[in-house]
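A quick write-up on the structure given underneath.
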Amino acid sequence: MPTPPPADLPHPRIPVEEARALVVGAVRRVPAERVALAELAGRVLAEPVVAPHDLPRHANSAMDGYAVRAGDPGPWPVADRILAGDDPAPLPAGACAAIATGGVLPDGADAVVPIEQAEEADGAVTASVAPATGDHVRAVGADVRAGDEVLPAGSALGPLAAAAVAGLGLTGAVCAARPRVAVLTTGDELVAPGAPLARGQIHESNSVLVRAALERAGCAVVHVGVVPDDAAATRVAFAAALAGADLVVSTGGVSVGPRDHVKPALAELGVRELFWRIATQPGQPTWCGVAPDGALVAGLPGNPLSCLAGLHLLLVPAVRAMLGADPAPATVRAELAAPVRRLPARLRCLPMRLADGRLEDLGAGVSHQLSRAARANALALVPTGEGELAAGERVDAVVLG
Ligand code: AMP
Ligand code: MG
């Protein structure tokens with residue numbers, strides 16, 4: 001149920017889960033493309049990865065030792081010396097073959113005696129214990145069988161998954177294309193980092209945050225623009241940003257002040273509103289809509305920590321939905337290291353430091369406190385309620401990575 005608007009808010013604010021469902025439901029899926037092995041980590045599979053053959057392909061030794069026929073402890077004359085990569089001849093009856101880890105088990109052998117359990121003297125080997133069938137042998141298909149699904153569609157690939165694709169002998173995989181993102185920052189007070197500040201000016205940081213977070217989520221940022229607080233300039237900037245983007249994210253200018261031109265500009269461009277205002281603190285004046293061509297448009301508030309909340313609670317999930325991955329934010333449940341005040345009608349989204357299962361409050365409770373938040377690796381979600389949550393109480397936290 002939407003939280004009823006307080007008397008001072010003419011526009012309803014909606015719970016963040018509802019807002020997330022709206023953006024996730026509104027996005028269009030990106031097309032699929034083939035991605036080479038070296039580029040796979042960080043991508044999301046559009047098609048499953050299936051094993052083209054059994055792995056291991058051939059029974060091989062798990063140890064340096066001797067390939068034998070199981071049953072008795074020898075002695076066996078050494079008929080061969082097999083290294084990884086060799087294609088060995090069959091083992092003569094009653095003989096053994098020295099074998100290196102990964103060496104193919106010769107036909108006629110069914111066990112390996114590790115070097116530590118064997119004694120080689122005068123060209124013959126004796127085991128300290130009689131080997132059993134299968135001892136120290138990596139059987140055909142013990143990792144995966146031909147035709148098995150190794151990774152389902154929608155999997156977010158990391159280095160390990162990319163290596164598994166390589167291990168199957170595949171040169172790449174079919175992934176969702178990177179969603180194309182345009183980022184606009186609005187505000188006459190904004191100055192590029194490195195430039196001197198006149199009184200009243202601040203260094204622009206939101207584009208760095210938005211870009212890095214969305215690139216990490218799998219996007220390609222194709223356009224970044226800085227927009228003055230001017231109605232016509234805002235309209236022109238959004239029109240340009242919308243061309244060829246799957247997601248347009250702006251920051252600032254989305255409230256109701258005389259310099260807030262984002263919503264009127266988007267209305268003129270035919271962008272249909274999904275919602276404006278979410279029941280969070282910070283991040284309340286967050287606007288989302290859908291452009292006529294289906295692109296998602298997000299007007300995030302200008303304060304950096306407000307921006308952070310909308311990014312991680314709404315836009316990263318929306319991007320995951322575009323990619324065909326599970327859109328739910330990656331959360332952990334962890335203990336508060338210190339008491340935290342709750343708000344009766346808004347979810348507090350507090351940047352905190354998560355270590356050893358505890359969330360350390362960094363004192364970044366106000367939306368401009370970017371420096372205080374700089375060490376945060378989690379966004380603690382403090383549910384609505386009266387009074388405080390005590391130290392030791394557990395809350396969900398979105399992992400910021
Ligand atoms: P606004 O939402 O435009 O009213 O901006 C709210 C606050 O966020 C103001 O103090 C702005 O100066 C600040 N702000 C807006 N955009 C940025 C930005 N790109 N980087 C850093 N701070 C910003
Ligand atoms: Mg502004």
Report yes if the side chains of [X] and [Y] come closer than 4.5 Å at any heavy-atom pair, otherwise no.
X	Y	result
Pro106	Ile82	yes
Pro329	Val316	no
Pro383	Val395	yes
Glu189	Asp229	yes
Val165	Leu151	yes
Leu300	Leu315	yes
Leu381	Leu313	yes
Arg178	Val222	no

>> If the condition is side chain to side chain donor-acceptor pair (under 3.5 Å), which residues does Arg180 pass it with, not counting sequence neighbours?
In response: Asp246
Test of understanding: with side-chain contact (heavy atoms from CB on, under 4.5 Å), list the residues that count as partners of [X], not counting sequence neighbours.
X	answer
Glu33	Val35, Arg43, Ala177
Arg353	Glu360, Leu362, Arg375, Asn377
Pro77	Ala95

Can you measure from [atom1] ([X]) to [atom2] ([Y]) and round to the nearest 0.5 angstrom?
X	Y	atom1	atom2	value
Leu379	Asp396	CG	CG	11.0 Å
Gln281	Arg342	CD	CZ	15.0 Å
Lys263	Glu273	NZ	CD	7.0 Å
Arg394	Leu389	CZ	CG	13.0 Å
Leu347	Gln284	CG	CD	12.0 Å
Cys288	Ile278	SG	CD1	8.0 Å

More than 12 foreign heavy atoms under 6.0 Å from [atom1] of [X]: is that the case here?
X	atom1	result
Arg57	CZ	no
Leu197	CG	yes
Arg216	CZ	no

What are the two closest non-hydrogen atoms of [X] and [Y], and how far apart are they?
X	Y	result
Asn206	Gly302	ND2-O, 2.7 Å
Ala162	Leu40	CB-CB, 3.9 Å
Leu274	Ala26	CD1-CB, 3.9 Å
Pro88	Val104	CG-O, 3.3 Å
Ala176	Val30	CB-CG2, 3.7 Å
Pro179	Leu323	CD-CD2, 3.5 Å

Please confirm whether the backbone N or O of [Y] pairs with a side-chain atom of [X], one donor and one acceptor, at under 3.5 Å?
X	Y	answer
Gln369	Val366	yes
Asp230	Ala233	yes
Thr384	Leu343	no
Arg372	Gly363	yes
Asp356	Arg358	no
Ser306	Pro282	no
Glu18	Pro15	no
Trp276	Val254	yes

Quick check on side chain to side chain contact (heavy atoms under 4.5 Å, CB included): which of [options] does [X] satisfy it with?
X	options	value
Val248	Val181, Leu296, Leu242	Leu242
Val112	Cys96, Ser61, Pro131	Ser61
Leu314	Val319, Thr280, Thr286	Thr286

>> If you apply the rule side chain to side chain contact (heavy atoms under 4.5 Å, CB included), what do you find for Val78 with Val125, and how did you get there?
In response: CA-CA 7 Å; Val78 181; Val125 171; 3.6 Å; yes
> Would Ile14 and Leu22 count as a side chain to side chain contact (heavy atoms under 4.5 Å, CB included) if you check the C-alpha gap in whole Å, the side-chain angles of each, and the deciding distance to 0.1 Å?
Replying inline: CA-CA 10 Å; Ile14 61 173; Leu22 284 170; 3.8 Å; yes
>> What verdict does the side chain to side chain contact (heavy atoms under 4.5 Å, CB included) test give for Ile202 and Leu190, after you've listed the backbone C-alpha separation in whole Å, the side-chain angles of each residue and the deciding distance to 0.1 Å?
In response: CA-CA 5 Å; Ile202 61 166; Leu190 304 177; 3.8 Å; yes
> Which residue pairs satisfy the side-chain hydrogen bond (donor to acceptor under 3.5 Å, both in side chains) criterion with at least one member in residues 136-152, sequence neighbours excluded?
Replying inline: Asp54-Arg145, Asn60-Arg138
>> Considering only residues two or more places apart or on different chains, which pairs with a residue in residues 63-88 satisfy side-chain hydrogen bond (donor to acceptor under 3.5 Å, both in side chains)?
In response: Asp64-Thr101, Tyr66-Glu120, Arg81-Glu120
>> One pair to check against side chain to side chain contact (heavy atoms under 4.5 Å, CB included): Glu393 and Val340. What are the steps and the verdict?
In response: CA-CA 10 Å; Glu393 297 251 32; Val340 176; over 6 Å; no
